[in-house]
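Just so you know, ligand 1 is whichever comes first in the structure, and atom 1 is the first atom listed for that ligand.
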Amino acid sequence: MGKITISTLDKMKAAGEKFVCITAYDATFARLVSDAGAETILVGDSLGMVLQGYDSTIPVTIDDMAYHTACVMRARPQSLVIADMPFMSYTTPEQTMAHATELMQAGAQMVKMEGGTWLSDSISMLVERGIPVCAHLGLTPQSVNAFGGYRVQGRTPKEAKSILADAVEIQDAGASLLVLECVPAPLATDISAKLDIPVIGIGAGAGTDAQVLVLHDMLGLSEHTARFVENFMEGQPTIQGALKRFVEAVKSGEYPREEHTYT
Ligand code: KIV
């Protein structure tokens with residue numbers, strides 16, 4: 001795999017080829033994930049839960065994100081590296097610009113922000129200044145308290161319509177990628193077909209352009225996992241084997257299956 005860029009991912013979408021994203025937070029796992037052939041690495045704020053032991057992503061700071069992004073980049077991965085903007089780090093234009101700059105200077109190649117229409121101006125501002133953006137819709141974990149728990153989003157026609165409208169608007173604002181988390185599969189399939197930009201699904205069925213899983217979940221290390229998670233360590237003697245198995249399963253369409261999907 002050569003160095004992956006956003007145009008690689010655009011071409012893969014156009015050709016109907018699935019691509020893979022796995023979270024990583026340090027140099028060793030970034031190397032393994034890249035060697036396994038995952039086109040993208042997400043330095044996710046899920047690190048608050050899987051590394052730091054919190055029960056949400058809310059306590060994660062911009063310093064945490066910059067530190068782990070720099071650790072990942074020292075592996076010089078071939079994968080495109082996306083770093084999460086943490087909770088409340090993108091509420092004003094000045095703060096958004098300063099924090100996105102911090103992550104890019106730590107080595108990230110794109111930043112990810114949770115939210116829809118209200119983010120349009122921030123997305124345009126960053127993109128116009130050379131910072132590519134991945135948006136995140138559906139179950140946005142930083143809003144867990146507003147949702148009243150980690151619940152599937154977009155189940156009613158009104159919610160589904162609003163997520164689709166948000167997706168179109170963030171694309172128009174200049175986002176390069178969209179993560180769609182925990183939404184019914186038909187909605188995710190519809191959004192992926194309507195958007196030109198690649199859509200990465202998690203708990204969103206098999207109809208998206210790519211799949212992402214949290215590293216610790218797919219290695220069977222997490223205490224509690226959602227129904228869309230498969231333990232890829234099962235039957236694999238090594239972590240490298242499990243990572244490759246996940247990459248192959250996404251590319252061949254074996255993962256996700258019906259049992260991983262919300263309808
Ligand atoms: O923080 C994270 O790891 C994420 C993924 C669950 C998409 O946002």
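For ligand 1, one of its N or O atoms has an N or O atom of D84 under 3.5 Å away. For the pair E181 and ligand 1, the shortest N or O to N or O distance does not fall below 3.5 Å.
Under a 4.0 angstrom heavy-atom cut-off, E114 registers as lying outside contact with ligand 1.
The side chain of I202, and not its backbone, has at least one atom closer than 4.0 Å to an atom of ligand 1 (non-hydrogen atoms only; side chain from C-beta on). Neither the backbone nor the side chain of T57 has any atom closer than 4.0 Å to an atom of ligand 1 (non-hydrogen atoms only). Within the 4.0 Å heavy-atom criterion, both parts of D45, backbone and side chain, lie near ligand 1.
Of all heavy-atom pairs between Y262 and C182, the closest is CE1-SG, 4.0 Å. When all heavy atoms are compared, the tightest approach of K13 to L195 is NZ-O, 2.9 Å. In terms of heavy atoms, A242 sits closest to L219 at CB-CD2, 3.9 Å.
Taking every heavy atom of T23 and a limit of under 4.0 angstrom, the matching atoms of ligand 1 come to 3 (O). In summary, the atoms of ligand 1 found under 4.0 Å from a heavy atom of G44, numbered by their order in the structure, are 1 (O), 2 (C), 3 (O).
Scanning the protein for heavy atoms near atom 8 (O) of ligand 1, the closest one is K112 NZ, 2.9 Å. Nearest non-hydrogen protein atom to atom 5 (C) of ligand 1 is L42 CD2, 3.7 Å. When hydrogens are left out, the protein atom nearest atom 2 (C) of ligand 1 is S46 OG, 3.3 Å; that is the closest non-hydrogen contact.
Here the side chains of T69 and V72 are not in contact, with every heavy-atom distance at 4.5 Å or above.
Here the straight-line distance linking atom CD of Q153 with atom CD of E181 works out to 9.5 Å at 0.5 Å rounding. Note that CG of L137 and CD1 of I191 are 7.0 Å apart. Values are rounded to the nearest 0.5 Å.
Judged purely by distance below 3.5 Å, without hydrogens or angles, the side chains of D217 and S222 pair a donor atom with an acceptor atom.
Residue pairs meeting the salt bridge (Lys or Arg N to Asp or Glu O under 4.0 Å) criterion with at least one partner in residues 127-151, sequence neighbours excluded, do not occur; the list is empty.
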